[in-house]
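Counting convention: from 1, in listed order, for ligands and their atoms alike.
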Amino acid sequence: MSLLIKNGEIITADSRYIADIYCEDETITRIDRNLNAPAGAEVIDAKGKYVFPGFIDPHVHIYLPFMGTFSKDTYVTGSQAALVGGTTTLIEMCCPARKDDALASFDLWMSQAVGKSACDFSFHMGVTKFDATTETQLREIVRRGISSFKIFLAYKGAFGIDDTELYRTLKLARELGVTVTAHCENETLVAERCRELLAAGKTDPGQHHESRPPAVEAEGVHHLMTFAELTGAATYIVHLSCQEALDQAIAARQRGVRVGIETLIQYLVLDKSYAEKPDFEGAKFVMSPPLRDARNQAVLWNGLRDGLINTVATDHAPFDFEKQKPMGRDDFTKIPNGIPSLEERVNLLYSRGVKTGKIDLHTMVNVGSTAVAKQFDLFPRKGTIQPGADADLVVFDPNYRGTISAKTQHMNVDYSAFEGWPLEGRASTVTVRGQVAARDGKFTGTLGRGQYLRRTPSRF
Ligand code: URP
Ligand code: ZN
Ligand code: ZN
């Protein structure tokens with residue numbers, strides 16, 4: 001099986017040139033001008049289009065038992081949505097409940113993906129308690145190809161861990177060379193503020209961001225950074241949303257703390273006024289940390305441009321507006337937290353970032369693919385275009401014009417957080433390891449072909 005992509009403008013994190021890309025089986029084998037296709041090769045004309053490395057989403061929820069319900073996608077729907085939107089690899093959060101066994105949970109999450117996913121995948125292993133059994137099992141999970149843990153400083157009583165567990169998790173990660181990814185919000189402050197707001201009769205979705213203002217996130221980041229400083233562990237802050245939290249992370253970095261910083265596409269393009277929409281519509285936009293004041297958008301775009309913020313993810317967590325979000329109709333603390341965005345991240349990075357001059361094409365590739373691959377031990381197999389790399393490629397049409405709508409999306413959820421938004425460009429042909437998996441907004445790949453990507457810890 002061979003594939004030739006001709007005349008595209010190849011964009012990597014640090015180069016830009018017109019050439020042909022030849023792929024044999026699953027791998028890029030040649031990049032040059034005027035390559036000829038052997039008989040039987042599939043040829044894609046990319047003239048006038050960009051060719052990007054496949055995008056990698058480092059923060060996705062597919063199977064997520066959470067707040068009394070389950071997020072809506074499966075690997076069948078989620079991987080199709082990812083591919084149509086230009087994401088060829090996703091890293092899912094494996095999130096056991098505190099009572100659950102870590103190894104059994106890892107097997108459960110794996111069983112959701114193997115034989116179903118059309119895109120490649122890996123997991124961050126959630127550490128939602130830390131005891132002797134968990135420690136032994138985490139060592140085994142790392143041997144099985146996991147090089148990052150996930151911890152929550154929020155969600156008291158559900159996923160959240162206490163400070164002793166936090167310290168021991170970071171010590172273990174330091175020993176194993178594993179990166180610890182973390183949801184940073186002070187859970188005590190959240191719990192107290194929720195209690196006060198509800199007692200004052202403030203129950204609507206617009207109260208969600210009042211319960212967790214920027215200082216709550218900044219305190220969570222500062223807390224993690226203190227523990228990282230004392231243990232020497234490599235950390236990665238997921239879904240950073242605001243200036244105050246960024247200031248804490250950068251101050252820690254300047255002290256020598258090892259920390260990667262992720263923001264989300266929704267923080268870059270939405271603000272808290274969406275969660276204040278009347279008639280409960282704001283519930284569509286309830287997530288944690290919450291959407292912020294619009295002033296933070298420039299802070300985050302500038303942070304990406306200047307290299308302070310390393311990656312852009314989705315934290316894709318889809319819950320239906322009709323049937324699931326209303327669990328919190330009379331109490332905002334019961335609204336399932338999360339926004340669907342797996343399908344839109346790449347196209348919005350282009351339309352709202354590159355087209356408006358906030359970031360350049362190389363930054364788009366870096367924060368959406370290359371830096372993710374480097375951060376999570378997938379580079380250079382993933383995250384770039386070079387001989388020997390997996391043939392995960394996105395032919396991107398900058399002349400496409402269209403509109404985002406729930407009616408045409410592949411994510412299995414009944415609304416779009418970006419309904420009616422215009423797109424100026426989109427992923428037009430997407431390949432996974434040499435096979436075309438999406439074309440012009442339609443899935444054309446093979447369910448079950450997605451591979452589990454074994455990763456080796458590198459943060460010693
Ligand atoms: O609101 C969010 N972010 N939902 C998904 C779970 C998490 O905190 O990542
Ligand atoms: Zn989170
Ligand atoms: Zn998440």
Subject >> Tally of protein N, O or S atoms, where distance to the Zn ion (ligand 3) is under 2.8 Å >> reply: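 Total protein N/O/S atoms under 2.8 Å from the Zn ion (ligand 3): 3.
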Original post:
In terms of side-chain geometry, is the basic nitrogen of E419 or K407 positioned less than 4.0 Å from the acidic oxygen of its partner?
Top reply: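 No, E419 and K407 are not salt-bridged.
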Original post:
With a 4.0 Å cut-off, would you call D392 and R433 a salt bridge?
Top reply: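 Looking at R433 together with D392, the answer is no, because their closest N to O distance does not fall below 4.0 Å.
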Original post:
Would a line drawn from the ring center of F66 to the ring center of F159 be shorter than 6.0 Å?
Top reply: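 Between F66 and F159, the centre distance is under 6.0 Å.
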**OP:** Tell me whether the centres of the aromatic rings in H61 and H316 are closer together than 6.0 Å.
**Re:**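 Centroid distance H61-H316: not below 6.0 Å, so no.
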Original post:
Is the closest side-chain heavy-atom distance between R295 and Q243 below 4.5 Å?
Top reply: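 In short, these two side chains touch, coming nearer than 4.5 Å.
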Original post:
I91 versus F121: any side-chain heavy-atom pair under 4.5 Å?
Top reply: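 They are not in contact (no side-chain heavy atoms under 4.5 Å apart), so the answer is no.
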Subject >> Closest approach of Y350 to Y50 (non-hydrogen atoms, all atoms of both residues) >> reply: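 Closest approach of Y350 to Y50, heavy atoms only: OH-CE1, 3.8 Å.
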Pairs under 3.5 Å, N/O atoms on ligand 1 and on the protein: can you put them in a table with the distances?
unit_1: ligand 1; atom_1: 1 (O); unit_2: S288; atom_2: N; d: 2.8
unit_1: ligand 1; atom_1: 3 (N); unit_2: S288; atom_2: O; d: 2.8
unit_1: ligand 1; atom_1: 3 (N); unit_2: D315; atom_2: OD2; d: 2.6
unit_1: ligand 1; atom_1: 4 (N); unit_2: N337; atom_2: O; d: 3.0
unit_1: ligand 1; atom_1: 8 (O); unit_2: Y155; atom_2: OH; d: 2.6
unit_1: ligand 1; atom_1: 8 (O); unit_2: H183; atom_2: ND1; d: 3.0
unit_1: ligand 1; atom_1: 9 (O); unit_2: H61; atom_2: NE2; d: 3.2
unit_1: ligand 1; atom_1: 9 (O); unit_2: D315; atom_2: OD1; d: 3.1
unit_1: ligand 1; atom_1: 9 (O); unit_2: D315; atom_2: OD2; d: 3.3

Subject >> Exceeds 12 heavy-atom contacts within 6.0 angstrom, atom NZ of K334 >> reply: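 It does not: K334 NZ has 12 such atoms or fewer within range.
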**OP:** For atom CG of D279, decide whether the heavy atoms of other residues, nucleotides or ligands shown that lie under 6.0 angstrom number more than 12.
**Re:**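 Incorrect, the count does not exceed 12.
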